[in-house]
A.B. asks: 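The structure's right below; bear with me while I get my questions together.
In this text the structure is predicted, and so the values were computed from the model without any measurement.
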Amino acid sequence: MRWSQLYVPTLREDPADADAASHRLLVRAGYVRQLAAGHYSLLPLAARVRARIVAVVREEMERIGAQEFLLPALHPAELWRRTGRWESMGEEMFRLTDRKGAEQALGMTHEEVFAHLAGELRSYRQLPQVWYQFQTKFRDEARPRSGLLRVREFTMKDSYSFDLDEAGLERSFEAHRRAYLRIFERLGLPAFGVRASSGSMGGSASVEFMSPSAAGEDLVVRCPGCGYAANTEKALSALPAVVDPTDADRPGADRPEEFATPAARTIEELAERHGVAPERQLKTLVQVVDGVLTLVLLRGDHALVEQKLLDALGASATRAATAEEITAALGASPGSLGPLGGHGLPVVADEALRGRTGLTCGANRDGFHLRGVSVGRDAGVGRWADLREVAAGEACTECGSALEVLRTIEVGHIFQLGRRYTEALDVAVSGPGGERVVPLMGSYGIGVERVLAALVEAHHDERGIRWPAAVAPFDVVLTVLPDRDGTVAAAAERLYAELGAAGVRVLLDDRAERPGVKFADAELIGVPRRLTVGARSLAAGVVELTARADGAVREVALDAVVAELAGSVG
């Protein structure tokens with residue numbers, strides 16, 4: 001490809017609204033342009049990178065026996081109603097009504113449609129099946145941001161397995177786990193698997209693949225000692241034992257005692273003004289879980305992970321109650337709340353509170369708290385669950401080492417779905433004895449454009465992108481320096497033809513630009529090598545080969561260039 005013919009609208013300044021390195025550089029380097037919030041056009045360079053990512057993913061899918069499909073992006077509501085997700089998906093699903101009044105959805109994912117197709121499977125002899133596609137997905141993100149990292153329209157490689165039994169599902173799941181690790185290694189993307197919540201997908205197990213990045217929105221807990229890793233939505237840790245006062249330590253300890261706290265409405269204020277350490281406070285949150293006001297109890301210094309609450313209750317949606325809802329239910333404002341009293345609301349408590357005594361909580365009366373609270377005796381707990389967010393430095397439950405918390409980008413997610421979708425859509429085959437068997441499903445996704453952006457996050461510097469060779473839009477930029485008699489241009493044309501014939505992907509920079517502009521643009525777009533042809537080097541029978549990764553420059557004999565580059569590209 002000749003740069004003079006290629007559409008690469010590079011910019012000299014960063015876009016004002018870019019909040020991530022990948023967003024800034026993909027716009028500056030002429031890879032993408034925003035159409036609307038969360039919707040991006042991929043320009044020629046990005047389309048080339050995307051195609052190379054897709055090729056690697058496709059090869060690894062076919063390596064594990066997956067078969068490629070292409071399914072509709074527009075789905076009838078009826079399929080989603082049968083699995084219960086028409087309602088549970090909430091506002092993130094794009095919904096519309098066609099001219100005949102039929103309700104439709106733009107597909108966020110394709111479990112329902114693939115399971116619908118699996119209804120034609122008849123015998124256990126047809127299993128296992130692994131089906132996949134590359135298809136556009138749509139999610140009505142409330143706050144799209146960071147360029148391609150959080151969008152409303154994107155390409156997903158989603159695959160689905162159908163197995164006869166649990167052992168088969170485990171094999172399919174493991175095959176995908178290994179395939180994903182190979183994919184990310186081949187792409188040059190640092191990523192590792194972590195335990196994760198299945199969320200609205202359902203199922204018994206899931207693993208996320210996370211790439212460490214300051215631009216990420218997911219927090220991952222990882223143990224440097226044993227390798228344990230989990231999303232904070234699933235992570236566990238061990239807490240030091242807390243010694244509580246016994247009833248014998250205080251007269252009247254058989255019941256809580258009210259005391260005035262007129263200027264203490266937060267955990268910190270109660271600690272500062274009344275000497276109650278956060279770990280000795282009982283935090284009461286009011287959540288609306290699937291429409292039901294629910295009290296959630298945590299230790300004062302702990303934070304709630306909403307997905308843990310949803311998983312514990314088998315619920316699909318939760319939000320913090322409004323001040324008006326709280327006052328109507330408990331008679332007090334946030335800051336004075338507690339689980340005691342005749343409120344009649346369900347109470348869910350974090351496991352870290354189990355057995356705790358002598359705690360302090362709000363009295364459900366503004367300006368007052370209760371001390372001497374025993375959670376088991378006084379709080380009316382109806383459900384115990386792990387609800388808290390793990391913090392860095394807490395002990396690993398598996399080896400005792402101090403845990404670290406990393407910010408990451410989710411680049412893949414695999415699920416063991418079980419029979420949720422096959423049962424809902426009446427998928428069954430005849431078993432070995434003629435019995436009716438409902439297959440088990442797995443679901444496995446990779447966001448293609450998110451991987452593209454994550455690669456930029458992992459591979460860039462102050463001058464621009466540094467693509468790994470496996471995904472770069474070209475293998476080499478052939479930069480032609482100005483000359484007076486056309487000798488340099490002629491030599492560059494010969495190299496361009498010879499390299500192309502040898503299978504090297506070459507971008508010939510034949511523009512009438514100054515050398516500094518050409519060099520800066522080559523660094524900005526991130527092609528792994530730059531081959532510079534100039535009059536001085538040509539007279540010596542060499543050309544300059546510059547590595548984008550580290551800036552190393554060396555001279556290569558003119559007659560050895562093709563052999564060297566042809567032997568080093570993928």
Side-chain angles (χ1 to χ4, degrees), residues 195-199 219-221 228 230-245 256 266-268 270-271 276-290 292-321 326 329-330 334-341 343 345-364 369-398 403 405:
R195 304 176 196 184
S197 168
S198 295
L219 295 177
V220 163
V221 175
Y228 167 83
N231 191 302
T232 51
E233 296 177 348
K234 196 75 172 179
L236 302 173
S237 67
L239 295 174
V242 178
V243 179
D244 287 331
T266 67
I267 299 293
E268 294 75 17
L270 194 62
V276 184
E279 61 268 23
R280 302 210 56 77
Q281 297 183 43
L282 180 62
K283 181 193 297 183
T284 303
L285 304 177
V286 186
Q287 295 285 123
V288 182
V289 184
D290 283 352
V292 178
L293 277 176
T294 302
L295 299 190
V296 180
L297 309 184
L298 296 124
R299 211 170 79 176
D301 56 340
H302 290 163
L304 170 67
V305 177
E306 288 190 349
Q307 188 61 52
K308 287 188 174 184
L309 178 63
L310 292 173
D311 291 346
L313 299 180
S316 60
T318 187
R319 64 170 174 83
I326 292 170
L330 298 176
S336 301
L337 304 180
L340 283 70
H343 49 73
L345 302 179
V347 179
V348 185
D350 181 60
E351 286 287 355
L353 293 172
R354 192 183 286 272
R356 295 295 306 277
T357 61
L359 301 184
T360 297
C361 70
N364 288 331
H369 279 73
L370 297 171
R371 55 188 164 211
V373 174
S374 171
V375 179
R377 180 193 66 201
D378 302 319
V381 177
R383 181 74 174 267
W384 293 91
D386 171 60
L387 302 174
R388 67 182 180 85
E389 182 175 282
V390 171
E394 293 175 355
C396 175
T397 59
E398 299 189 7
L403 296 167
V405 178

A.B. asks: On a heavy-atom basis, which atom in Asp244 and which in Gly355 lie closest, and how many Å separate them?
C.D. replies: OD2-O, 4.3 Å

A.B. asks: How many angstroms lie between OG in Ser374 and CG in Leu359, if you round to the nearest 0.5 Å?
C.D. replies: 8.0 Å

A.B. asks: I'd like to know if the side chain of Thr357 pairs up with that of Arg377 as donor and acceptor (distance under 3.5 Å, no hydrogens or angles considered).
C.D. replies: no

A.B. asks: Kindly determine whether Val405 and Leu403 satisfy side chain to side chain contact (heavy atoms under 4.5 Å, CB included), including the steps that lead there.
C.D. replies: CA-CA 7 Å; Val405 178; Leu403 296 167; 5.9 Å; no

A.B. asks: Is there a donor-acceptor contact under 3.5 Å from the side chain of Asp386 to the main chain of Lys308?
C.D. replies: no

A.B. asks: Please confirm whether the backbone N or O of Pro278 pairs with a side-chain atom of Lys283, one donor and one acceptor, at under 3.5 Å?
C.D. replies: no

A.B. asks: Between Gln287 and Leu304, does a side chain to side chain contact (heavy atoms under 4.5 Å, CB included) hold up when you go through it step by step?
C.D. replies: CA-CA 11 Å; Gln287 295 285 123; Leu304 170 67; 4.1 Å; yes

A.B. asks: Looking only at non-hydrogen atoms, find the nearest pair between Leu370 and Ala363 and report the distance.
C.D. replies: CG-CB, 3.8 Å

A.B. asks: Once you round to the nearest 0.5 Å, how far does CG of Leu387 lie from CG of Leu313?
C.D. replies: 8.0 Å

A.B. asks: Answer whether the closest heavy-atom distance between the side chains of Val221 and Ser237 falls below 4.5 Å.
C.D. replies: no

A.B. asks: If only side-chain N and O atoms count, and only distance matters, is there a donor-acceptor pair under 3.5 Å linking Ser197 with Glu233?
C.D. replies: no

A.B. asks: What distance separates Leu337 CG from Leu295 CG, expressed to the nearest 0.5 Å?
C.D. replies: 8.0 Å

A.B. asks: Do Arg356 and Leu297 have side chains that approach each other closer than 4.5 Å (heavy atoms only, starting at C-beta)?
C.D. replies: no

A.B. asks: Do Asp350 and Arg299 have side chains that get closer than 4.5 Å, going by heavy atoms?
C.D. replies: no

A.B. asks: Considering non-hydrogen atoms only, spot the tightest contact between Tyr228 and Ala235 and give its length.
C.D. replies: OH-CA, 3.5 Å

A.B. asks: Between the main-chain N or O of Thr232 and the side-chain N or O of Glu389, is there a donor-acceptor pair closer than 3.5 Å?
C.D. replies: no

A.B. asks: Is any side-chain heavy atom of His369 closer than 4.5 Å to a side-chain heavy atom of Gln281?
C.D. replies: no

A.B. asks: Taking all non-hydrogen atoms of both residues into account, name the closest pair between Ala315 and Val289 and its distance.
C.D. replies: CB-CG1, 3.5 Å

A.B. asks: What distance separates Leu353 CG from Leu298 CG, expressed to the nearest 0.5 Å?
C.D. replies: 6.5 Å

A.B. asks: CG/Asp301 to CZ/Arg388 distance, rounded to the nearest 0.5 angstrom?
C.D. replies: 9.0 Å

A.B. asks: What pair of heavy atoms forms the shortest contact from Asp378 to Gly372, and how long is it?
C.D. replies: OD2-O, 4.1 Å

A.B. asks: What's the verdict on side chain to side chain contact (heavy atoms under 4.5 Å, CB included) for Leu340 and Asn364, showing C-alpha distance, side-chain angles and the deciding distance?
C.D. replies: CA-CA 8 Å; Leu340 283 70; Asn364 288 331; 5.5 Å; no

A.B. asks: Walk me through it: do His343 and Val286 pass the test side chain to side chain contact (heavy atoms under 4.5 Å, CB included)?
C.D. replies: CA-CA 12 Å; His343 49 73; Val286 186; over 6 Å; no

A.B. asks: Just so I know, are the side chains of Arg354 and Val375 near enough to count as touching, which here means a heavy-atom distance under 4.5 Å?
C.D. replies: no

A.B. asks: Are the side chain of Arg383 and the backbone of Ala312 linked by a donor-acceptor contact shorter than 3.5 Å?
C.D. replies: yes

A.B. asks: Do you know the tightest heavy-atom contact between Leu293 and Ala321?
C.D. replies: CD2-CB, 3.8 Å

A.B. asks: Does Thr360 offer a backbone N or O that forms a donor-acceptor pair with the side chain of Arg280 under 3.5 Å?
C.D. replies: no

A.B. asks: Out of curiosity, Ile326 CD1 to Ser336 OG, how far, rounded to the nearest 0.5 Å?
C.D. replies: 11.0 Å

A.B. asks: Backbone N or O of Ala317 within a donor-acceptor pair of the Asp290 side chain at under 3.5 Å?
C.D. replies: yes

